[in-house]
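Contents: one structure, followed by commentary.
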Amino acid sequence: MYDVPKLLGSGDSCLVVEFSPAIEMEANIRLQCLRRVLADRKIRGVREFVPTYRSLSIHYDPLRLSREKLEGIVSTSLEQSRESAEVPKRVLVMPVVYGGEYGPDMANVSSHTGFDEDGIIRRHTSVDYYCYMLGFTPGFSYLGGLDEALATPRLSKPRTLIPAGSVGIAGKQTGAYSIDSPGGWQLIGRTPLRLFDPNDEENPTLIDAGDWIRFKSVTETEYRDIERDVSAGKYRPERFVERNGGDMACRS
Amino acid sequence: MSFIVEKPGMLTIVQDLGRWGHQSRGLTVSGPMDQFSLRLGNVMLGNDENDAVLELTIGGFAAVFQEERCVVLTGAELPLYIDGHPAPAWTVHRVTSGGRVAVPAKFDPSVGCRSYLCVSGGVDVPLVMGSRSTFTRGRIGGYKGRALASGDVIGVLAPSPLWRRSEGFVCPAGLRPGRFGDEPLYAMDGPQIDAFTEAGVRTFYSEAYTVTDKSDRMGFRLEGPIISHKAGADIVSDGIVHGSVQVPGDGKPIVLMSDRQTTGGYTKIAVVSTWSAARLAQKMPGDAVRFRRVSEKEATDQLRSFESDLRRLGEMRAAYRSRA
């Protein structure tokens, strides 16, 4: 992580604040803090913020906000965000039915890692995963925190269609497909949650960058029940906030 | 009110100024390839600048109107016919109830390839996350998330009062963006300019590149001299914008356009200015382009000058409408 984040121009309507050249949770948490401080300031002319692994892109209208002025605001906000205290740890519980037809690559992961299905499920559900960023498709989250013992290479031949909600492993990454799409991840289960809903104006995606995900193993019957409630618009995903995460401090 | 599509053309899609505000959730902005032609067209009709219109790629479109409306074709000056009679682009025409609007296909690099058919009132498709823009790859927005097809019935919203009075209004030639001829595209150094060798940067800003046929709404792949990296072309994914110039390992630039992904993992040598990216959108496979290294201020001046043109056009239209 850089001592002082770099301000990089990205055309006439975007400023990038880069915190690190690599993937580092500390850098990501810092940029989420900056995003929050800037969003709270409701700066005239700012269109939107796009956090990634290691940088925050600020899209703005240069006819309403000059680059100079924006850079000044970012510099003071960086100091302010450094001083701000702990960030609450927002956790989303994601029910997953593991194996069987929902996780057709469970056997691949098992033979690659040497764990049986129960061992894989236990390891996959035993940690919280940090969402660094969303990308690839709407609502697709890049999660960090996979137990390295579960790392399994991608399929050598990607599937042309993977159903939305499929949970997989690719190298040291894990995550859930947000919409039906092609892909090469090793599928170990599926969540009944709707990760992307274009009709939800406020929160079109269930997960936001900076959230934490906790996978929870459910039976096929529970999966079907939740799926039915989700379709009926009755299901409220389980969310909670942990405030004692010592490693979550915004301070450098 | 609605119109029925007779011929959809190669790629006709509904666009407003784009689905902003959701890139942090991985959602593509979309929007028109040439936002300036769209905005000029809407202003000519007395529409809101952000009203939805049809983006036509090399024409081939025909539709029958079920009610009277005014229309204007902006962007690439393709031939327009109303009830079989030629009608110039950049001029407001009235279409009667049952009238037929046609824009035959034409592949003519001298006029460009993307036209905007704007209708008084604006095209009515459901707002999805605040926008009517079509994102075909994600099957989101527009008309059923896809390009128009024969037989589609497309709604049009109620026009502003006095809409008929815009009939005959012409956009002066000096205010039409045109294709920029052989003018270089303005570009600013990109966030990873330091990843390239001095020779690589010099090559990019001095040599000519050709638009290839692997160019679409997502990005324009260019062919030309290889741009050399210092160490490698891959970075940890970060944000990209309309006009970002990515250079992957093969050293050939890709300019990202309206349907770009929200993040990417290749080094970006430069970013084409907002104005010049829309001019690039009118280029066809085989066209040559050059890049001129400019400051962020020069690029913003292009936008400022357009804003004042747009204001002037609005005033001219108001005067035209209230003529005796």
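Remember, it's a predicted structure, so these values are computed and weren't measured experimentally. Below, chains carry the letters A, B, ... as their sequence lines are ordered, and counting in each starts from 1. For the numbers below, each heavy atom of this structure counts, side chains included, while hydrogens, waters and symmetry mates do not.
For A:Tyr142, no part lies near chain B; criterion is any non-hydrogen pair under 4.5 Å. For B:Gln192, the part lying near chain A is the side chain, with the backbone staying farther off; criterion is any non-hydrogen pair under 4.5 Å. The parts of A:Leu134 that come within reach of chain B are both its backbone and its side chain, each placing non-hydrogen atoms under 4.5 angstrom from that chain. Neither the backbone nor the side chain of A:Leu56 has a heavy atom closer than 4.5 Å to any heavy atom of chain B. Looking at B:Ile240, only its backbone comes within 4.5 Å of chain A, counting heavy atoms on both sides. With a threshold of 4.5 angstrom between heavy atoms, B:Leu303 approaches chain A through its backbone and through its side chain. Only the side chain of A:Ser55 comes within less than 4.5 Å of a heavy atom of chain B; its backbone N, CA, C and O stay farther away.
Contacts with chain A were tallied for B:Glu296, B:Arg304, B:Gln23; B:Gln23 has the most, counting heavy-atom pairs under 4.5 Å. Chain B forms more heavy-atom pairs under 4.5 Å with one residue of A:Ala209, A:Pro62, A:Ser57, A:Ser10 than with any other, namely A:Ser10. Taking chain A as the reference chain and counting heavy-atom pairs below 4.5 Å, the highest number among B:Thr28, B:Thr300, B:Val236, B:Thr263 is found for B:Val236.
Atom CG in B:Leu27 sits 9.0 Å away from atom OG1 in A:Thr205 (nearest 0.5 Å). To the nearest 0.5 Å, the span separating CD1 on B:Ile140 from CD1 on A:Ile179 amounts to 6.0 Å. Rounded to the nearest 0.5 angstrom, B:Arg139 CZ and A:Asp180 CG are separated by 7.0 Å.
More than 12 non-hydrogen atoms from other residues, nucleotides or ligands lie less than 6.0 angstrom from NZ of B:Lys230. Annotation: B:Tyr266, atom OH; neighbour count of heavy atoms from other residues, nucleotides and ligands within 6.0 Å does not exceed 12. When the shell of 6.0 Å around CZ of B:Arg221 is examined, it contains 12 or fewer heavy atoms from other residues, nucleotides or ligands.
Shortest non-hydrogen contact noted between B:Arg25 and A:Ile207 is NH1-O, 3.6 Å.
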Between B:Ser237 and A:Met133, is the side chain to side chain contact (heavy atoms under 4.5 Å, CB included) condition met? List the steps. CA-CA 10 Å; B:Ser237 288; A:Met133 60 183 273; 4.3 Å; yes

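Side-chain contact annotation: B:Thr274 with A:Asp12, donor-acceptor N/O pair under 3.5 Å present.
Of the possible polar contacts, one joining the A:Glu48 side chain to the B:His22 backbone as a donor-acceptor pair under 3.5 Å is found.
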